[in-house]
J.: 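Please see the structure below; I have some questions.
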Amino acid sequence: MMIKPVFWKNNKVVMIDQNALPLCERQLICSDYRQVITAIKDLTVRGAPAIGVAAAMGAALGALSIPAEPVEKFQKTFHAVCDEIEKSRPTARNLFWAIERMKEHLGSAILSGKKNLAGELVKEARRICAEDIEINRQIGQHGSKLISDGDHILTHCNAGALATAGYGTALGVIRTAREQGKKLHVFVDETRPVLQGARLTAWELKKEKIPATLICDNMAGFLMQQNKISKVIVGADRIVANGDTANKIGTYSLAVLAKSHRIPFYVAAPISTFDFSLKTGASIPIEERNECEVTHFKGAQSAPGGMKVYNPAFDVTPAKLISAIVTEKGIITRPYSAAIARLHKGTN
Ligand code: MRU
């Protein structure tokens with residue numbers, strides 16, 4: 001059965017509680033947009049495309065709570081709800097993309113004289129969710145061309161079904177290659193500090209019986225040196241106009257290692273992850289998270305009290321280290337600026 005981390009049911013947003021995985025499979029049901037904001041902040045729902053879907057559905061929940069008339073007041077209050085949602089996490093472009101799309105949809109619904117504006121916003125949020133699954137399947141189809149029978153693929157963090165509306169980006173490529181009958185082995189980085197690899201990617205791969213081995217983040221170089229990894233594939237939180245890519249902290253180190261060992265390093269992401277307004281990765285806002293994520297695990301302390309901590313959640317991999325970027329429109333390679341400009345214009 002398909003893993004669906006976030007969906008709309010009976011005017012509520014249902015999420016898989018990703019903080020409880022892999023030990024407990026339970027859902028969080030949100031009936032208020034503020035619960036969705038909390039769920040995005042505390043990683044109940046996480047991964048750039050899933051955050052986008054959750055944000056759109058949170059906005060739709062907010063819309064349901066706003067009096068329909070007068071329309072100007074409805075729109076103003078809806079925008080205020082959107083502003084609150086946008087403050088939940090700063091790095092994943094998909095969150096801002098989804099909110100912009102919801103605001104634009106409201107603008108056109110008003111212009112075309114639609115009566116049930118909240119209903120229109122619910123439909124749009126559900127469309128964003130359904131489209132994301134379809135887009136991931138397209139990414140899978142394109143990306144699977146990069147995967148050969150017998151590959152040993154390293155992935156970092158979770159860019160799977162759990163990080164999207166379903167199917168996944170980087171793991172979507174792996175899923176499609178498997179569906180095509182290719183024999184693969186996946187190495188899963190545990191992904192400190194909150195272990196999205198060990199908890200979530202390992203859970204997904206086990207569920208689907210895809211052969212996989214879990215490693216600590218600091219083991220990747222050793223495996224590459226021993227020719228145990230033939231490809232690296234990761235997702236993305238934000239890709240800018242020159243191809244620089246923000247993804248979970250530790251991705252940049254992997255890209256440097258891959259370059260040094262002449263191993264292809266691929267990024268898989270939907271166009272909604274691209275930020276065409278930023279020229280280079282230096283401008284990407286990098287989220288810093290609570291120090292407890294580093295000093296504790298599941299409430300158990302693992303560092304001396306009062307220890308100074310630095311906890312950036314993402315890093316930026318320079319475009320020159322990326323062998324190819326897989327999107328729903330196809331595979332792009334260097335020079336990225338021209339290819340990304342074509343994606344922006346919709347001419348790819
Ligand atoms: O902090 P997270 O778990 O939201 O970070 C997620 C990642 O970095 C993923 O690799 C990225 O969002 C791509 S998901 C398809």
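We count residues from 1, following the sequence as given. Just so you know, ligand 1 is whichever comes first in the structure, and atom 1 is the first atom listed for that ligand.
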J.: Please check this pair: side chain of Thr201 against backbone of Gly160, looking for a donor-acceptor N/O pair closer than 3.5 Å.
T.: no
J.: Would you kindly specify which portion of Lys248 sits under 4.0 Å from ligand 1, judged on non-hydrogen atoms: side chain, backbone, both or neither?
T.: both
J.: Who's closest to atom 13 (C) of ligand 1 heavy-atom-wise, of Ala236, Ala163, Ala268, Ala92?
T.: Ala236
J.: Hey, does the side chain of Ser283 reach the backbone of Lys279 with a donor-acceptor pair shorter than 3.5 angstrom?
T.: no
J.: Output the list of atoms in ligand 1 that are nearer than 4.0 Å to some heavy atom of Ala48, sorted by atom number.
T.: 12 (O), 14 (S)
J.: Ligand 1 and Gly47, any nitrogen or oxygen pair closer than 3.5 angstrom?
T.: yes
J.: Just by modelled atom types, is the Asp32 backbone N or O under 3.5 Å from a matching donor or acceptor in the Gln35 side chain?
T.: yes
J.: Show which side-chain atoms of residues 55-81 pair as donor or acceptor with protein atoms under 3.5 Å away, not counting sequence neighbours.
T.:
unit_1: Ser65; atom_1: OG; unit_2: Gly62; atom_2: O; d: 2.6
unit_1: Thr77; atom_1: OG1; unit_2: Lys73; atom_2: O; d: 2.7

J.: May I ask you to list the atoms of ligand 1 that are less than 4.0 angstrom from any heavy atom of Arg89?
T.: 1 (O), 2 (P), 4 (O)
J.: Can you figure out which of Val267, Asn247, Leu43 has its heavy atom closest to atom 9 (C) of ligand 1?
T.: Asn247
J.: Would you give the length of the straight line joining atom CZ of Arg26 to atom CG of Asn19, rounded to the nearest 0.5 angstrom?
T.: 8.0 Å
J.: Would you mind running through ligand 1 and noting each atom that sits below 4.0 Å from a heavy atom of Phe314?
T.: 1 (O), 5 (O), 8 (O)
J.: Just by distance, do the side chain of Ser302 and the backbone of Thr295 share a donor-acceptor pair under 3.5 Å?
T.: yes
J.: Nearest heavy atom to atom 6 (C) of ligand 1: which of Gln18, Glu287, Arg289, Arg46 does it belong to?
T.: Arg46
J.: Specify side chain, backbone, both or neither for Cys157, according to which of its non-hydrogen atoms lie closer than 4.0 Å to ligand 1.
T.: side chain
J.: Does Asn158 reach ligand 1, in the sense of a heavy atom lying below 4.0 Å from it?
T.: yes
J.: Does any N/O atom on Asp237 come nearer than 3.5 Å to any N/O atom on ligand 1?
T.: yes
J.: Judged by atom type as modelled, is there a donor-acceptor pair below 3.5 Å linking the side chain of Arg199 to the main-chain atoms of Leu21?
T.: yes
J.: For residues 255-271, which residue pairs pass the side-chain hydrogen bond (donor to acceptor under 3.5 Å, both in side chains) check, not counting sequence neighbours?
T.: none
J.: For ligand 1, which is the ligand I care about here, please tell me if Thr169 has any N or O atom under 3.5 Å from one of the ligand's N or O atoms.
T.: no
J.: Using atom types as modelled and distance alone, determine if a side-chain donor or acceptor of Thr91 lies under 3.5 Å from a backbone N or O of Pro285.
T.: yes
J.: Within ligand 1, which atoms have a heavy atom of Gln196 less than 4.0 Å away?
T.: 1 (O), 2 (P), 3 (O)
